[in-house]
Every structure is written in structure tokens, then in C-alpha cells.
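To start, the structure itself, in C-alpha cells.
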Amino acid sequence: MLIHPPFRKVFEGVATRSQMFALFNRHSDAPKVDPLSGTPYASEWFEIQASEYHFMLGLLPPLFQRTGMFGMSEYKAGNVTSVFFAIRIRGRERWYHGFCDLTDRSSPDAMRAAIIAHETGAVDSMTREEKLEAIWSATHADFKGIAGETNPDARPPQHHGKRTILTYVAGQGTTLKLLDDLTDEEIDSRMPDVRARPRKGRGNDAEPS
């Protein structure tokens, strides 16, 4: 069985164009991250629509192109660039975007293999980390934040810079909790809404300004 722990699915469902562009920049406000390294993005992937695959292919001359795959000539940062995939899974053509660190030139093929392994696995094949990433991406900015960013005294120093999310805790009410501290039950309770969200957003394919 193929196992690629570094590769992370960060969006549940099929991203529209506006969602795709938002995911391209989802780490733009992350604290203590070197925006020139591209490290936060490397190995992240999500599914897109066919129209977005062809739109991006026509946007710039590709860095490389072969059957079912091309890379963007404009790097995200460092050696990290967008790679787009057209993959036939169980008889149906599907399209994906991933950020690959081309320091390892085999990373596009490894990511393609990881996507296939994930999408042909069990019905609920998302790892805990992937579910947390999907929850974070689907949560409105008003209901999440970064520990210590607004009030450094509200959290222990070792938690500063970690992601927090508004959740209901029995006996405490609604409170900001570290994303990584969500229980399995809290994660599972959010997943139906996360999976439904992309479908609610369909039809809004305009590129954000």
C-alpha cells in the first residue's frame, strides 16, 4: 500500500475558482512563516473543476507538461510551484491542484500517486490532519484565529502562533480552542458541514480581485 505522510488534502469537495484562489493564499496571514520559502504550502493538494485546470493551463506557458500533468512556470515561493493533475479514477476523469517542492524532482509523480491512493481508499480515508486542515479551510475568519495574536496574555507562550477555532465545550460554553486539540468527536461532528460547504458555494466561479 502506498503511504505518503507529507501529502495533505486541505479541502473537502471540489473547489470552485474563487475557493481555489483562496486556497492558493491560505497561509498568507500565518505568523512566523517565511513567505519566501513556500514551506507551508508544499505537499498540500485539493480537487478542482475541469474548467479551472484548463484555465490555469492557458494562463502562462507551463514549466513542464506531460500527459495528465503540468506545472506552473510562476513559482509560489522558493522551489514550490503549483502542479495540476488530470487523473482518471474509477472510470471518471477528475482534476487536482497540488503544491510541489521541485527540490525533489520526483515530487509531482509522488503526489499523483498519493492522490490516487487517497481517492481510491476507504470512503472516509482522510487522516486526522487532513480533516483538521479541511475544517480550518472551511471555517469563516470570524470563527478562527491565531493564539496570542490579539491578546498575548490569553494563552501560554508555548501556544502562541497556533491556530484556534471557535467551538462549544461542555461546561464552558462557546470558546476558542486550539485546532490541534479538537477531539475526534468534535472533528466528526463538523465534517458533514465541511463536506456540504463546497456544494453550497457552487456557481460562484469568479476570480477574486
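Here the structure is a predicted model, which means the values were calculated and not measured.
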Next item on the list: Salt-bridge test for Glu119 and Arg92: reply yes if a basic N is under 4.0 Å from a carboxylate O, no otherwise.
Entry: no
Item checked: Side-chain donor-acceptor pair present, Thr103, Asn79, cut-off under 3.5 Å -> yes
Notebook entry, point to check: According to the interplanar angle, ranging from 0 to 90°, do the rings of Tyr53 and Phe84 count as parallel (below 30°), tilted (30 to 60°) or perpendicular (above 60°)?
Noted result: perpendicular
Notebook entry, point to check: Given Phe46 and Met20, is the side chain to side chain contact (heavy atoms under 4.5 Å, CB included) satisfied, shown in steps?
Noted result: CA-CA 9 Å; Phe46 55 90; Met20 178 181 74; 3.9 Å; yes
Item checked: Min side-chain heavy-atom separation Asp109-Arg66 under 4.5 Å -> yes
Next item on the list: Kindly compute the distance separating CD (Glu93) from CD1 (Ile87), expressed to the nearest 0.5 Å.
Entry: 9.0 Å
Notebook entry, point to check: Going by heavy atoms in the side chains, are Thr164 and Arg155 under 4.5 Å from each other?
Noted result: yes
Next item on the list: Side-chain contact test, heavy atoms from C-beta onward, threshold under 4.5 Å: evaluate it for Glu133 versus Arg26 and give yes or no.
Entry: yes
Margin query: How close do Tyr96 and Ile48 get, counting heavy atoms only, and between which atoms?
Written below: N-CG1, 3.9 Å
Item checked: In one Ile/Leu/Val/Met/Phe/Trp/Tyr side-chain cluster, 4.5 Å: Phe143, Ile165 -> no
Checklist line | Thr183 versus Lys177, closest heavy-atom pair with distance | finding: CG2-NZ, 4.0 Å
Item checked: Side chain proximity check, Arg163 to Ile135, heavy atoms < 4.5 angstrom -> no
Note to self: Rounded to the nearest 0.5 Å, what separates atom CG in Leu59 from atom NE2 in His54?
What the structure shows: 14.5 Å
Notebook entry, point to check: With side chains defined as the heavy atoms from C-beta onward, is the minimum distance between His97 and Met56 less than 4.5 Å?
Noted result: no
Notebook entry, point to check: Is the shortest heavy-atom distance from the side chain of Leu57 to the side chain of Gln65 under 4.5 Å?
Noted result: yes
Margin query: How close do Leu132 and Leu179 get, counting heavy atoms only, and between which atoms?
Written below: CD2-O, 3.4 Å
Next item on the list: Give the C-alpha distance, both sets of side-chain angles, the deciding distance and a yes or no for side chain to side chain contact (heavy atoms under 4.5 Å, CB included) between Glu52 and Trp95.
Entry: CA-CA 9 Å; Glu52 312 323 325; Trp95 297 267; over 6 Å; no
Next item on the list: Determine whether Phe99 and Met111 make a side-chain contact, defined as any pair of heavy atoms from C-beta on separated by less than 4.5 Å.
Entry: no
Check: Ser107 and Cys100: which non-hydrogen atoms are nearest, and at how many Å?
Finding: OG-CB, 3.5 Å
Check: So with a 6.0 Å cut-off around CZ of Arg105, is the heavy-atom count from everything else above 12?
Finding: no
Item checked: Within-4.5 Å side-chain heavy-atom neighbours: Leu178 and His159 -> yes
Check: Between Phe55 and Phe21, what is the ring plane arrangement, given parallel below 30°, perpendicular above 60°, and tilted in between?
Finding: perpendicular
Note to self: Can you tell me how far apart CZ (Phe64) and CE (Met69) are? Round to the nearest 0.5 Å.
What the structure shows: 6.0 Å
